[in-house]
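Keep in mind that this is a model prediction, so the values were computed, not measured.
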Amino acid sequence: MNIDEEYFKSEEFQDLLERYEASINAGSTPFMDADDLVDIADYYGWQDDDDRAEEAIRYALELYPSSTLPNVFMARKALAQDDIVEAEMYADAIENHDDPDYHYLVAEIKIANGDIDEADKYLREYSKSVDQDEYEDFVRDCANLYVDYNESEKAYEWMMRSRGDESDDFKELMARTLFGLGKYEDSERIFNELIDHHPYSKQYWNALASAQFMNEDYSNAITSSEYAIAIDPKDPDAVSSKASGLFRLGNYEEALKYFKMYSDLEPEDEFGLLHQGVCLVNMNRNEEALPLLRMALATAPKDSPLLANIYQELAFCYGALHQVKQALEMLDKTETLPCDHTDMLVVRGHILLQNDQVNKAEEAFKMAILKSTDNQPAIMLRIIVSLYDNRYTQACYQMLLKFFAMVHEYYPDYKSGNAYMALCCYDMGRSEEFMKYLRLAVEQDPKEAQSVLACLFPEATPVRDYVAYMEQRLHISPE
């Protein structure tokens with residue numbers, strides 16, 4: 001759907017909306033242009049009122065059954081529900097095959113069906129008939145189409161065919177494209193420029209927060225989400241963004257409040273319930289977490305992408321409560337789901353180890369290592385961390401020594417693990433070794449150093465200051 005906040009707030013649109021609603025309230029069918037009815041439907045969609053949006057489109061189709069935009073609207077609704085056949089039916093109902101929106105829809109149906117190259121070929125062929133003075137708009141519309149389907153490389157190809165300009169529309173599309181390509185800093189820079197022009201746009205604040213979050217700049221992501229919340233306290237995207245940022249910083253108590261707020265706003269979304277449970281699990285409040293995770297499971301549709309995560313967190317929860325049978329049953333449920341099955345073997349081993357079933361845990365860990373052909377060091381490190389989490393500190397220390405010898409020989413570019421070794425040495429009172437691995441962690445993997453070792457430092461201590469702080473605290477001379 002086309003979302004134009006400025007137009008929706010304009011006097012022109014408000015007059016149109018008032019006339020439409022007055023007609024509906026009087027019990028009559030409003031007689032309006034098809035494009036106006038589509039604008040009204042887009043407005044209702046923007047307000048998350050899907051029923052009234054569809055009602056407006058139904059009126060449009062009654063009046064103009066072969067009109068382009070109402071059929072495009074319904075076709076896109078069908079595509080959102082993965083109904084290619086119905087989308088094609090609405091496309092076939094369009095009379096004017098010279099309308100660019102008809103061609104965009106044909107291409108979109110191909111993209112939604114997975115025929116990415118076929119869609120690209122179709123659009124490039126159609127581009128030969130586009131007037132020169134309309135070509136720029138055409139190129140951007142094509143890029144926008146690919147962005148909507150997370151085909152960012154194709155979107156970037158089309159963006160590069162544009163001459164570009166300083167308009168906000170072009171900047172926004174470029175920012176979204178760069179975000180999809182993983183160029184989060186560049187995307188953040190452009191969204192900041194857009195916010196300079198539109199400081200009260202929650203859409204841009206939320207987009208900025210997302211770019212910062214993906215760049216692991218959680219503190220600034222929280223700040224950006226707070227601006228969006230100030231503009232609209234009931235915006236679920238902003239609330240979710242703040243909750244996720246707080247969670248990543250380990251502030252589970254505060255994150256829990258915002259995930260609960262999100263669930264209040266979106267009670268049908270399992271995301272909020274799941275993450276409330278995860279916060280409680282991280283605070284060792286497993287008995288409180290269990291009913292929330294069960295609610296998440298009951299709420300989630302059968303095709304939910306979060307289903308494996310819910311089963312995994314239920315397994316962790318049951319395992320911590322020493323209900324091993326139930327925990328393993330939850331992991332069994334993931335075997336037919338699209339997820340990292342090697343990772344689930346590590347979770348299985350962790351739960352068995354947690355419940356003193358050492359031999360069975362060892363079997364699960366061995367199987368995980370055998371299956372981890374592509375990311376063996378990461379899987380081995382997760383197993384070693386499980387040893388630490390289950391208080392096998394000496395065994396963890398010895399395993400890390402062997403692990404570093406192995407990665408030094410076979411994976412020389414692998415830099416993770418030093419922070420966990422530093423934590424082991426700290427617990428075991430090995431001050432010199434602790435400082436050695438602390439320095440390596442800060443130098444080679446500062447993000448891991450922060451996530452693993454932040455508990456040893458005053459809140460908000462920058463990673464770059466970890467070594468100096470500990471040298472002073474432990475009375476060790478700088479190297």
Side-chain angles (χ1 to χ4, degrees), residues 213 218 221-222 225-226 229 233-302 304-334 337 339 343-344 346-357 361 382 385-392 423 451-452 454-455 459:
F213 184 89
Y218 303 124
I222 290 169
S225 66
E226 287 171 342
I229 291 170
K234 294 186 177 181
D235 181 60
D237 292 335
V239 172
S240 166
S241 183
K242 180 168 182 178
S244 299
L246 289 164
F247 180 85
R248 289 301 181 95
L249 290 178
N251 191 344
Y252 303 121
E253 192 76 53
E254 197 67 14
L256 178 62
K257 294 178 185 177
Y258 281 89
F259 281 126
K260 185 179 186 308
M261 192 184 302
Y262 177 82
S263 289
D264 291 341
L265 294 168
E266 298 286 343
E268 300 299 317
D269 190 346
E270 67 273 20
F271 173 85
L273 294 165
L274 166 62
H275 285 85
Q276 285 181 68
V278 175
C279 286
L280 289 165
V281 167
N282 276 280
M283 292 187 283
N284 294 316
R285 291 160 58 181
N286 295 290
E287 290 184 355
E288 294 175 64
L290 198 53
L292 284 162
L293 293 171
R294 285 172 175 160
M295 283 175 63
L297 184 59
T299 304
K302 292 181 180 179
S304 169
L306 295 177
L307 209 52
N309 300 76
I310 295 172
Y311 282 127
Q312 177 179 296
E313 293 303 326
L314 276 165
F316 276 129
C317 202
Y318 281 124
L321 294 171
H322 305 296
Q323 299 177 35
V324 182
K325 181 182 176 184
Q326 292 92 326
L328 298 183
E329 284 175 354
M330 293 298 103
L331 292 178
D332 290 343
K333 300 277 189 182
T334 67
L337 295 175
C339 62
D343 198 48
M344 290 299 176
V346 177
V347 175
R348 183 179 293 269
H350 175 86
I351 289 167
L352 290 165
L353 192 62
Q354 185 180 43
N355 288 275
D356 299 321
Q357 298 187 28
R382 282 210 61 194
V385 171
S386 178
L387 291 174
Y388 178 85
D389 289 342
N390 285 296
R391 297 186 177 85
Y392 291 88
L423 196 58
S451 66
V452 175
C455 57
E459 190 175 348

Side-chain contact test, heavy atoms from C-beta onward, threshold under 4.5 Å: evaluate it for D332 versus Y311 and give yes or no.
no
For E270 against L306, the heavy-atom pair lying closest together
CG-CD1, 3.9 Å
For A308 and C339, the nearest pair of non-hydrogen atoms, with its separation, is CB-CB, 3.8 Å
Residues at least two apart in sequence or cross-chain that pass side chain to side chain contact (heavy atoms under 4.5 Å, CB included) with N355, listed by chain then number, are H322, V324, I351
Show the nearest heavy-atom pair for residues V281 and A289, with the distance to one decimal.
CG2-CB, 3.7 Å
Say you draw a straight line from OG1 of T299 to CG of L274; how long is it, rounded to the nearest 0.5 Å?
11.0 Å
By salt bridge (charged side-chain N to carboxylate O under 4.0 Å, His left out), which residues pair with E254, not counting sequence neighbours?
K257
More than 12 heavy atoms of other groups within 6.0 Å of E287 CD
no
Distance col, row L331:CG vs R348:CZ, nearest 0.5 angstrom, shows 5.0 Å
By salt bridge (charged side-chain N to carboxylate O under 4.0 Å, His left out), which residues pair with D235, not counting sequence neighbours?
K202
Approximate separation, where rounding is to 0.5 Å, of L290 CG and Q323 CD:
7.0 Å
Distance, nearest 0.5 Å, that separates CG of L314 from CG of L292
10.5 Å
What residues form a ring pair (Phe, Tyr, Trp, His ring centres under 6.0 Å) with H275, not counting sequence neighbours?
F259, F271
For the pair F316 and V278, evaluate side chain to side chain contact (heavy atoms under 4.5 Å, CB included) and give the outcome as yes or no after the intermediate values.
CA-CA 10 Å; F316 276 129; V278 175; over 6 Å; no
Side chains of L246 and L256: closer than 4.5 Å at any heavy-atom pair?
no
Report the distance from atom CG of L321 to atom SG of C317, rounding to the nearest 0.5 Å.
5.0 Å
Inter-residue atom distance E459.CD - L249.CG, 0.5 Å rounding
9.0 Å
Hits for salt bridge (charged side-chain N to carboxylate O under 4.0 Å, His left out) against K333, two or more places apart or cross-chain, chain-then-number order -> none
What's the shortest heavy-atom distance between Y252 and M283, and which atoms?
CB-CG, 3.8 Å
Contact check, side chains of D269 and Y262, non-hydrogen atoms, under 4.5 Å
yes
Test side chain to side chain contact (heavy atoms under 4.5 Å, CB included) applied to V239 and K260, M261, K234, the passing residue
M261
What residues form a salt bridge (charged side-chain N to carboxylate O under 4.0 Å, His left out) with E288, not counting sequence neighbours?
R285
At their closest point, which heavy atom of G245 faces which heavy atom of I222, and how far apart are they?
C-CD1, 3.6 Å
Using atom types as modelled and distance alone, determine if a side-chain donor or acceptor of S240 lies under 3.5 Å from a backbone N or O of P236.
no
Within the distance-only criterion (no hydrogens, no angle test), does the side chain of S241 pair as donor or acceptor with the backbone N or O of D237 below 3.5 angstrom?
no
Looking only at heavy atoms, which two atoms of N390 and Q354 are closest? And how far apart?
OD1-CA, 3.1 Å
